[in-house]
Amino acid sequence: MRMSDRVIGPALLLFGVVVIWGAYGLPSVPGVRFGADLMPTLIGACLIGLGLAITIGSVWSPQKGLIDLSEWQVPARHKLAALWSMIGLVIGGLLFEEIGFPLLGVIYMSVLMTLMGTRPKTTAIVSILVVAALYLGFSKGLLVPLPAGLLGGLLP
Amino acid sequence: MSFDILASALGIVLQPAVLLSITLGAIYGLFIGALPGLTATMSTALLVPITFYMDPLPAISLIVSSTAMAISAGDIPGTLLRIPGTPASAAYTDESYQMTLKGKASQALSLGFFFSAMGGLIGATVLLLIGPMLARISLNFSSFEFFWLAVLGLLTCALVSGSNITRGFVSLMFGLLIATVGLDVTTGAPRFTFGQIELMGGVSFIPVMIGMFAFSEILRGFTTSKTGAQKMPELGRIVPFKGIGQLLRKYPFSALRGAALGTSVGALPGVGGDLAAWIAYGMSRRFSKTPEKFGTGHPEGLIEATSSNNAGLSSAWIPALVFGIPGDAVTAIAVGVLFMKGVAPGPRLFVENPTMPTAIIMTFFVANLLLFPLGFVAIKVARHVLSIPRSVIVPIILICCFLGSYAVNNTLFGVWIMLIAGIVGYLMERNGFPIAPVILGLVLGPVLERNFIMSMQIANGDLMGFFERPIACGLGILICGIFSLAVLNGLRRWMTGETAKRRQKLLTEAEQVARTQNGDA
């Protein structure tokens, strides 16, 4: 997704203003001359300057339209795969404790592999093996507390 | 450096845990580097959560060997499929692919591994010799010098990491801004935490890196139609390292010049080895007796560029180890890992614990020596690695991204950061904003701010205080000069309309590449 400099420049400028405004609200410590607000203020000022430079430069820019989505003119299942790669993570995160990593991991991988065109047999074998290996490696080997969820009674 | 330190460092490096880390890192690096679209930086970012559970030296050796191998293995898809495996190998992909078309795939792959190892060894030797010397000099540095060094690192990174300087600086500002989140380094006041306890300790750079380097790359990959394995040309008989001795006798100066150039360019804070390969290839062509052969499958430029690659990779550790200023994105990650392990890179490390930096440098020798046997195996199995379809690799990487981000604090907060960083990274990359300055800004932000505030307090707010000490003055003038030149050059281009034309040309080229990848052209 490409955006025109006519969008990026003003957005940066506005962002710089928000950063300075945020820095202005930071608490000051008595007797400290150069406090927590100095660095964010300088960064905000730089962002305003850079946003201005991009905005001014965009006047001569030969770009068409404000947002260009042409790179996403790909088969529908690719778009779905991209969407699932993000939404699947959100769903997985929200249901992480209840359903558990092993089941969610297999579902996440299987859906993605299917959308990307992998054969069902390969999808099933790879997703189960990879998730099992990662679960054992992380939870038993590295002692990362990965919830077993619904499969709690069945897993080692 | 005394013999005792060398001996004790070597003793530590030869411990089974370190050797195992180096070997596993190299195998992992080979796998990631050989797969098109997966970069050495991405491989390093995915490794970091694993390093939590390791001692400092095995953790760093894992990163060192995987990067060295990934950079070398990045030549494999370039040579066989004309798709550069890593940005560093992009400089000579056409040349090596032409060699494949001429039936010299075996020679192209062999010289890639051989001269990469040679360059890496030369770079490591320079690091071993120069590192302690520079550290002794920099022991006299105050906050003023360290401030300027941090600025130099950030400035050069912003200048060289993209075609547009303004965009490089925007990325840098993003990185510095993310670094300000958390408790303020001087007063301890919470900044931009929005009441979230998880943000009090700052934004962990690991999920940001995983998101920006791995997740964003995967998102970008969905915009191409091809997800299966690539079809490669007829390769003929593959005999690793055959004819390398002859090439070494024919082009000894090319190999040495490439290594020397890679070492010099890589040692500049913020630059790293990627740029070295481009300069080395161009220089080789310029000084060659047969420049007309370049681009037709000629090994001369390939030797010079591939030597400079790994030499730059090693020497990028000079500013990282000596000053604590990372040379590139990979060393930025490694510096972060060292900080997490309680090892603060910088001149004091060479004085207080000289065995540690020496042992780290020693791992470069072992990792680069390992490129010979593993390179042999890599050349043999290259075509099989490349036959793994992207539709199988991508879901595995994504699930690793999830686990890696979760393992930072064993909370889902890291996963959300990774997801946001991935989407932001994708948008930045597609709009011409380089990613490396964000990471460097994030890692160097606290160093820069601490030294800046300290210097401002010492100088009582007088900016001329930054130019009062001789080395600080020299560095300050150099940085102001570089910055002024860059701004003047940018203004000149803007006034003449060159920027707009260049941008249009780049966009057209990018569209053509996308069409070719989609199989439309």
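Letters A, B, ... mirror the listed sequences (proteins, then strands); counts begin at 1.
Using a 4.5 Å cut-off between heavy atoms, L89(A) contacts chain B through both its backbone and its side chain. Proximity to chain B is limited to the side chain of F138(A), based on heavy atoms less than 4.5 angstrom apart. Interface residue F169(B): backbone and side-chain heavy atoms are both found under 4.5 Å from chain A. Contact of L172(B) with chain A is not made at all, since no heavy-atom distance falls under 4.5 Å. For L403(B), the parts lying under 4.5 angstrom from a heavy atom of chain A are both the backbone and the side chain. Residue V111(A): no heavy atom, backbone or side chain, is found under 4.5 Å from chain B. When heavy atoms are compared at a cutoff of 4.5 Å, P190(B) approaches chain A solely by way of its backbone atoms N, CA, C and O. Contact annotation for T180(B): only side-chain heavy atoms (C-beta onward) come within less than 4.5 Å of a heavy atom of chain A.
The shortest non-hydrogen separation linking M173(B) to C46(A) is SD-CB, 3.7 Å. Summarising the geometry of V203(B) relative to L442(B), their closest heavy-atom pair is O-CD1, 4.3 Å, with the distance given to 0.1 Å. Here the closest non-hydrogen pair linking I397(B) and L46(B) is CG2-CD1, 4.0 Å. For I210(B) against P49(B), the heavy-atom pair with the smallest separation is CD1-CG, 4.1 Å. Of all heavy-atom pairs spanning V447(B) and N451(B), the tightest one is O-ND2, 2.8 Å.
Contact residues of residues 411-418 of chain B toward chain A are L412(B), W416(B), M418(B) (heavy-atom distance under 4.5 Å). Close approach to chain B, defined as a heavy atom under 4.5 Å from one of its heavy atoms, is seen in L38(A), M39(A), P40(A), L42(A), I43(A) of residues 38-45 of chain A, taken by number.
With hydrogens and angles disregarded, no donor-acceptor distance shorter than 3.5 Å links the side chain of W72(A) to the backbone of F222(B). Side-chain atoms of S171(B) come within 3.5 Å of backbone N or O of R167(B) as a donor-acceptor pair.
In this model, no donor atom of one side chain and acceptor atom of the other lie less than 3.5 Å apart for T118(A) and T123(A).
Classified by interplanar angle (parallel below 30°, tilted 30° to 60°, perpendicular above 60°), the ring pair F96(A)/F101(A) is perpendicular.
One distance of note links CZ of F466(B) with OG of S143(B); it measures 7.5 Å at 0.5 Å rounding. To the nearest 0.5 Å, the span separating CG on D462(B) from OG on S455(B) amounts to 12.0 Å. Note: L419(B) CG to F215(B) CZ = 5.0 Å, rounded to the nearest 0.5 Å.
The greatest number of non-hydrogen atom pairs below 4.5 Å with chain A, out of V394(B), I399(B), L183(B), is found for I399(B). Among G22(A), S85(A), S127(A), the residue making the largest number of heavy-atom pairs under 4.5 Å with chain B is S85(A).
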Salt bridge (charged side-chain N to carboxylate O under 4.0 Å, His left out), that's the test. Do R191(B) and E449(B) meet it? Break it down for me. CA-CA 14 Å; R191(B) 270 191 311 204; E449(B) 186 175 6; 2.8 Å; yes

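Taking the charged nitrogens against the carboxylate oxygens, E217(B) and R430(B) have no contact shorter than 4.0 Å, which rules out a salt bridge.
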